[in-house]
Amino acid sequence: PGIGQKTAQKLLDDYGDLAGVLAHASEQKGKLKERLEDHREQALLSQALARIDCEVPLALELDDMKLPSVEPAELNALYKQLEFYSLLSEESAKADQKADASMDLALVDSLAALDALLAELPSADEGAVALLPVYDPPSPVRGELAALALSLGPGHARVIPLHCEAGLGDAALARCKAWLEDPARAKLGHDCKALWVALRRKGIALAGVVGDTMLESFLIDPNKLIPHELQQVTKEYLQRTIPPAKRVLGAGKQAKLFSELPGSELLDWAGQHVEAIAAAFGPVRAKLDAEGHYDYLAQVELPLSWVLGQMELDGVGVDRADLAAMGEEFQARLNTLETTIYEQAGHEFNIASTKQLGTVLFDELALPVVKKTKTGYSTNAEVLERLAPKHPIAANLLEHRKLAKLINTYTDVLQAAINPASGRVHATFQQTVGVSGRLITTEPDLQRTPVKTPEGRRIRQAFPARPGMKMISADWSQIELRLLAHVTGDAALVEAFTLGLDVHARTAAQLFD
């Protein structure tokens with residue numbers, strides 16, 4: 001007691017270990033000597049308690065503690081019994097992922113076979129057909145439509161190869177067009193927006209969609225399965241798994257495209273996926289109806305998905321030359337900043353390395369340490385902002401990070417995202433990610449383009465409206481407080497909105513008289 005980390009470290013540096021420190025206790029002065037002598041036994045006891053006793057007799061050998069092999073089927077059965085559906089993994093469910101021998105899967109390998117299949121499809125009011133578009137990454141707007149898979153119900157799947165090995169080409173889609181566009185022939189899917197977009201690119205206006213297991217899962221419980229991918233819905237509602245895309249495509253630089261797969265691999269993957277949609281639809285719809293959300297699906301979410309699909313197809317105009325010029329301008333400023341930072345540090349170093357930057361700031365320039373992490377000094381934005389008044393290098397580092405992010409996240413990424421065919425950026429609008437109902441854009445993320453800085457506003461100028469059109473920004477004004485005023489009828493709130501007053505200033509005035 002009474003000896004802190006720094007003093008303890010100095011004593012250990014001087015005398016090697018606890019025994020050495022205690023042996024030289026009488027040489028210390030004042031309180032330090034007193035504390036070492038008074039608490040000698042406590043220190044030795046603490047050391048003994050902290051030491052691992054390697055002589056304890058054990059009944060087990062190391063080999064006895066190896067994990068035994070587990071039968072995937074038994075593990076799956078346990079997970080299902082305990083309702084741990086999310087734990088049904090690729091490793092523990094390989095038996096599930098091999099197409100069941102009883103499952104009726106087949107590749108439609110000729111136009112004649114396709115005609116026969118179309119003749120089998122249910123007529124109006126006879127039942128819905130599950131559909132799955134198989135398209136190359138990154139999105140249905142930019143990827144080739146490799147195949148179309150359909151299912152008449154659980155245990156059944158047919159895969160129509162289009163632009164892949166043994167593909168039937170657009171001639172197959174031409175045969176399907178009348179059925180796909182018939183509003184009286186019911187269809188369902190998982191992310192029907194992607195299906196609509198993929199077919200729209202081929203000149204087909206999909207109609208007759210009566211269900212979407214992704215949207216329905218989202219409406220049942222937005223928080224539970226984000227982003228409500230088919231793999232997640234299959235685990236939750238069917239208690240089994242389906243193979244991920246990387247199982248057939250691979251990953252990294254060696255990854256293949258769906259349009260490059262042989263028919264057998266395409267059948268196994270797409271067949272299991274579309275069959276899962278058909279099988280999951282019943283339990284998902286039953287839960288949706290029980291929760292009372294069907295009207296919202298039919299009146300809001302499904303119609304909205306077509307609007308979003310059209311937005312994805314239309315894309316956003318981007319001035320590539322302006323972006324390129326901005327990128328060069330930002331890079332020139334970045335280079336100048338780097339030179340200044342090196343001069344202030346006294347040498348060159350990797351600015352992106354937290355470790356090297358920490359050494360420069362706190363060891364070499366002796367700036368006060370604001371915060372530490374498990375691995376060393378913290379150099380985050382909060383730390384640099386607190387250091388900025390003490391040394392100009394901190395402000396320059398903040399500016400450097402801002403410019404680097406603008407280049408890496410916006411000017412370069414947006415240029416790469418421009419579709420060569422349209423000259424526009426086609427972001428994907430995620431309908432089942434924002435729990436509050438907000439849309440999320442990906443590939444690329446357009447929503448986080450900064451607006452509060454001059455550079456951010458400069459980037460936004462690179463999105464021109466079409467000739468004769470204007471780009472507008474619209475937002476609710478205090479929507480939650482307006483609802484509160486309406487529901488409660490609170491006189492002060494209603495008056496504030498009626499008179500156009502600042503609600504927050506009015507509330508503060510009331511609170512503080």
Side-chain angles (χ1 to χ4, degrees), residues 137-139 141-142 252-253 255 312 315-361 365 373 377-388 391-430 433 439-465 471 473:
S139 69
V141 177
R142 298 190 68 169
K253 293 182 179 179
E312 290 180 9
V316 180
V318 180
D319 188 331
R320 185 193 290 271
D322 195 19
L323 277 177
M326 258 186 282
E328 291 176 7
E329 174 195 326
F330 293 160
Q331 188 62 55
R333 286 170 56 188
L334 194 71
N335 294 341
T336 302
L337 268 175
E338 284 183 2
T339 302
T340 303
I341 290 169
Y342 294 151
E343 288 173 355
Q344 291 169 336
H347 61 86
E348 291 190 9
F349 63 99
N350 182 359
I351 296 174
S353 166
T354 301
K355 187 174 182 181
Q356 291 186 33
L357 181 56
T359 300
V360 168
L361 294 177
L365 297 178
T373 66
Y377 302 114
S378 171
T379 60
N380 64 17
E382 180 189 353
V383 169
L384 293 178
E385 283 167 4
R386 289 177 63 178
L387 294 176
H391 199 291
I393 194 173
N396 287 329
L397 286 165
L398 284 168
E399 183 70 10
H400 183 278
R401 285 185 184 175
K402 181 180 76 175
L403 286 170
K405 182 176 181 180
L406 289 172
I407 294 168
N408 296 329
T409 311
Y410 301 106
T411 58
D412 287 358
V413 168
L414 288 173
Q415 288 182 77
I418 296 173
N419 188 339
S422 65
R424 298 168 72 81
V425 169
H426 301 268
T428 298
F429 291 90
Q430 301 285 358
V433 177
L439 295 170
I440 307 295
T441 56
T442 57
E443 297 178 35
D445 180 358
L446 294 176
Q447 289 168 293
R448 292 184 183 166
T449 311
V451 68
K452 294 181 180 178
T453 64
E455 292 84 6
R457 291 191 288 274
R458 177 81 179 81
I459 289 172
R460 287 184 174 228
Q461 288 176 11
F463 293 90
M471 190 87 76
S473 174

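Applying the salt bridge (charged side-chain N to carboxylate O under 4.0 Å, His left out) test to Asp319 and every residue at least two apart in sequence or in another chain returns nothing. In terms of the salt bridge (charged side-chain N to carboxylate O under 4.0 Å, His left out) criterion, residue partners of Arg458 (sequence neighbours excluded) are, by chain and number, Asp322. Residues satisfying the ring-ring contact (aromatic ring centres under 6.0 Å, His included) test with Tyr377, not counting sequence neighbours, are Phe362. For Thr354, the side-chain contact (heavy atoms from CB on, under 4.5 Å) partners two or more places apart in sequence, or in a different chain, are Thr379.
Pro464 and Gly317 get closest at one heavy-atom pair: CD-O, 3.4 Å. Listed here is the closest heavy atom pair of Met471 and Ala465: N-CB, 3.8 Å. Minimum interatomic distance between Val360 and Ala345 (heavy atoms only, all atoms of both residues): CG1-CB, 3.7 Å. The heavy-atom pair separating Glu312 from Ala427 by the smallest distance is CG-O, 3.3 Å. Contact detail for Ala416 and Arg142: the closest heavy-atom pair is O-NH1, 3.9 Å. Taking every heavy atom of both residues into account, Val413 and Pro444 meet most closely at CG1-CB, 4.1 Å.
Side-chain contact between Leu384 and Leu361 is present, with heavy atoms from C-beta onward closer than 4.5 Å. For the pair Glu385 and Leu398, the minimum side-chain heavy-atom distance is below 4.5 Å. Looking at heavy atoms from C-beta onward, Thr428 lies out of side-chain contact with Val141 at the 4.5 angstrom threshold. When side chains are defined from C-beta on, Phe429 does not count as touching Thr442, because their heavy atoms never get closer than 4.5 Å.
Remark: the Glu443 side chain and the Ser139 side chain contain no N/O donor-acceptor pair separated by less than 3.5 Å.
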**Request:** Any chance you could lay out the side-chain contact (heavy atoms from CB on, under 4.5 Å) test for Met326 and Ile459, step after step, and finish with the verdict?
**Result:** CA-CA 8 Å; Met326 258 186 282; Ile459 289 172; 3.9 Å; yes
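Listed by first and then second residue, the side chain to side chain donor-acceptor pair (under 3.5 Å) pairs that reach into residues 332-342 are Gln331-Asn335, Arg333-Glu399, Arg333-Glu455, Glu338-His400, sequence neighbours excluded. Applying the side chain to side chain donor-acceptor pair (under 3.5 Å) definition to pairs two or more places apart or across chains, those involving residues 403-422 are Ser422-His426.
Counting only distance, with no hydrogens or angles, the side chain of Arg320 and the backbone of Leu414 share no donor-acceptor pair below 3.5 Å. Here the side chain of Gln447 pairs a donor or acceptor atom with the backbone of Thr441 at under 3.5 angstrom.
Separating the CD atom in Gln430 from the CG atom in Leu439 is a distance of 9.5 Å, to the nearest 0.5 Å. Atom CG in Leu406 sits 14.0 Å away from atom CZ in Arg401 (nearest 0.5 Å). With values rounded to the nearest 0.5 angstrom, Ile341 atom CD1 is found 4.0 Å from Ile351 atom CD1. Interatomic distance, CG of Leu387 versus CG of Leu397, reported as 9.5 Å (0.5 Å rounding).
The local environment of CZ in Arg386 is sparse, with at most 12 non-hydrogen atoms from other residues, nucleotides or ligands closer than 6.0 Å.
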